[in-house]
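Along the sequence shown, residues are numbered consecutively beginning with 1.
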Amino acid sequence: KRRGRQAAGEEAMGAPAAAVAVAVQLLVQLLVRVELDELVQFGLSIPGPCGRRAIGTRVVGGKDATIGRWPWQGSLRLWGYHSCGASLLNRRWVLSAAHCFERNTSPGMWTVQFGELSAAPSIWNLQAYRNRYQVEEIVMSPRYLGASAFDIAMLRLASPVTYTKYIQPICVLASSDEFQNRSDCWVTGWGDIQENEDLPAPYSLQEVEVGIINTSMCDFMYTQPSYRYNIWGDMICAGHAQGGRDACFGDSGGPLACEKKGLWYQVGVVSWGVGCGRPNRPGVYTNVSTHFKWMQTLIASSSIHKPPAWLLLLLLRTAPFLQPA
């Protein structure tokens, strides 16, 4: 009898309605599967596949980078023009500096460019436009108050990033203590190459090797005459005591990265400094590990999304046909 009623019901609802019901069920299963895949495969790069680059081996005192050498480097763009640096954490999340958004906090005005050496790719470079992603949400650290401390922001992209050998995420760690006093870390960006000297055309990404300077030493340097500032909270320093190697204006938000056992980790976010490359005035960065739990929570809480409105409407309309007989 059940089979009889079910068959009769199917005849009453007709082949098109039955097909819609089946399609909706398959669609729901597919969406759930996609969300789970996103969580498992690339929901978090902390931990996860990250920090790898396919390419082996100006920022002040730096040199032109080669494409693919820093595949997590992004150009954060306001109204289509380079404004700050950024780094790719996973397919949907990007890391930058909170102070980059002092002029504009509207996500619709911001995009992030990946996979390009130039901050101003040719208008004929269609691949560059395919690798330019719209920002959907800007989340600044709740502890950022407009000063130098806690200068970090997370950006959620409107669509997932397509990974290539030139576009890959960087790793982050819950503690960066092991990188203290390392002399072989790198900072990258499209900022000025000297104080008051813009990066010239073709605006190629610059890289420079810097050393991590422990907080006590950096604080001592910044208490010397001419400029006094306390290094505290989530600040870390990198550069050289004699100067000459540093981030500069336009590099803000970009990564300070160190290598460990073949993987690259983001230790800092370019934040501020006194001039560029001055002696005893190393660059100051936001310590990423200080914000690890906040970043992890933010990424995890957004990994499962509510079903889109059109799907809910479709389910409501087809619900009578999905009821068991």
Side-chain angles (χ1 to χ4, degrees), residues 59-62 84-87 95-102 140-154 170 172-189 191-192 194-195 207-260 264-295:
V59 178
V60 175
C84 279
S87 54
L95 189 63
S96 191
H99 80 260
C100 291
F101 303 97
E102 289 177 348
M140 298 187 210
S141 167
R143 303 172 73 183
Y144 178 69
L145 300 175
S148 301
F150 312 111
D151 184 14
I152 195 169
M154 293 276 284
I170 192 168
V172 295
L173 289 172
S175 173
S176 60
D177 290 347
E178 62 189 287
F179 297 112
Q180 288 293 322
N181 300 315
R182 282 275 296 267
S183 59
D184 56 350
C185 297
W186 292 78
V187 60
T188 49
D192 292 357
Q194 298 287 343
E195 284 190 48
E207 61 179 33
V208 67
E209 190 174 30
V210 294
I212 307 293
I213 300 172
N214 70 67
T215 303
S216 298
M217 177 60 71
C218 189
D219 189 57
F220 174 76
M221 291 179 178
Y222 271 99
T223 57
Q224 300 309 297
S226 80
Y227 188 89
R228 295 176 179 270
Y229 196 93
N230 292 326
I231 304 301
W232 63 283
D234 65 342
M235 301 178 194
I236 58 171
C237 302
H240 288 274
Q242 66 271 29
R245 297 185 179 188
D246 196 4
C248 202
F249 308 108
D251 292 321
S252 292
L256 169 65
C258 303
E259 184 266 343
K260 172 190 173 186
W264 286 85
Y265 296 87
Q266 183 165 355
V267 177
V269 176
V270 178
S271 181
W272 63 277
V274 177
C276 302
R278 296 183 186 179
N280 294 316
R281 296 292 184 266
V284 183
Y285 301 74
T286 303
N287 188 337
V288 174
S289 65
T290 304
H291 302 272
F292 181 87
K293 289 185 178 180
W294 170 69
M295 294 162 59

Of all the heavy-atom pairs spanning Gly191 and Asp251, show the shortest one and how long it is.
N-OD1, 2.7 Å
Do the side-chain N and O atoms of Thr290 and Asp234 include a donor-acceptor pair separated by under 3.5 angstrom?
no
Measure across Gln266 and Ser87 and return the closest heavy-atom pair with its distance rounded to 0.1 Å.
OE1-OG, 2.5 Å
Heavy-atom pair of closest approach, residues Glu102 and Tyr144
OE2-OH, 3.1 Å
Side chains of Phe101 and Cys84 in contact at under 4.5 Å (non-hydrogen atoms)
no
Return all side-chain donor-acceptor pairs below 3.5 angstrom for residues 208-216, not counting sequence neighbours, or 'none' if the list is empty.
| from | atom 1 | to | atom 2 | distance (Å) |
| --- | --- | --- | --- | --- |
| Asn214 | OD1 | Ser216 | N | 3.2 |
| Asn214 | OD1 | Met217 | N | 2.9 |

Could you tell me the separation between the SG atom of Cys218 and the CG atom of Asn280, rounded to the nearest 0.5 Å?
10.0 Å
May I ask you to check whether Tyr222 and Trp272 place their ring centers less than 6.0 Å from one another?
yes
What pair of heavy atoms forms the shortest contact from Asn287 to Ser176, and how long is it?
OD1-OG, 3.3 Å
Distance check, rounded to the nearest 0.5 Å: Tyr229 atom OH versus Thr223 atom OG1?
14.0 Å
Using a 4.5 Å cut-off on heavy atoms from C-beta on, say whether the side chain of Tyr285 contacts that of Val267.
no
If we ignore hydrogens and angles and just use 3.5 Å, is the side chain of Asp192 paired with the main-chain N or O of Cys248 as donor and acceptor?
no
Checking the side chain of Ser289 only, and the main-chain atoms of Val172 only, is there a donor and an acceptor separated by less than 3.5 Å?
no
Met295 side chain reached by Val288 side chain, heavy atoms, under 4.5 Å:
yes
For Thr286 and His291, which I'm curious about, is there any donor-acceptor pair between the side chains at under 3.5 Å?
no
Any side-chain heavy atom of Phe179 sitting closer than 4.5 Å to one from Leu173?
yes
Can you tell me how far the OG atom of Ser148 sits from the CD1 atom of Ile231, to the nearest 0.5 Å?
8.5 Å
Within the side chain of Asp151, is there an N or O that forms a donor-acceptor pair under 3.5 Å with the backbone of Ala97?
no
Between Cys276 and Glu195 the two heavy atoms that sit nearest each other are N-OE2, 3.1 Å
Ignoring hydrogens, what is the shortest heavy-atom contact between Pro282 and Ala238? Give both atom names and the distance.
CB-O, 3.6 Å
Within 6.0 angstrom of Arg182 CZ, more than 12 heavy atoms from elsewhere:
yes
Rounded distance (nearest 0.5 Å) linking atom CG of Leu256 with atom SG of Cys185
5.5 Å
Would you say Trp264 and Pro255 make side-chain contact, with heavy atoms under 4.5 Å?
no
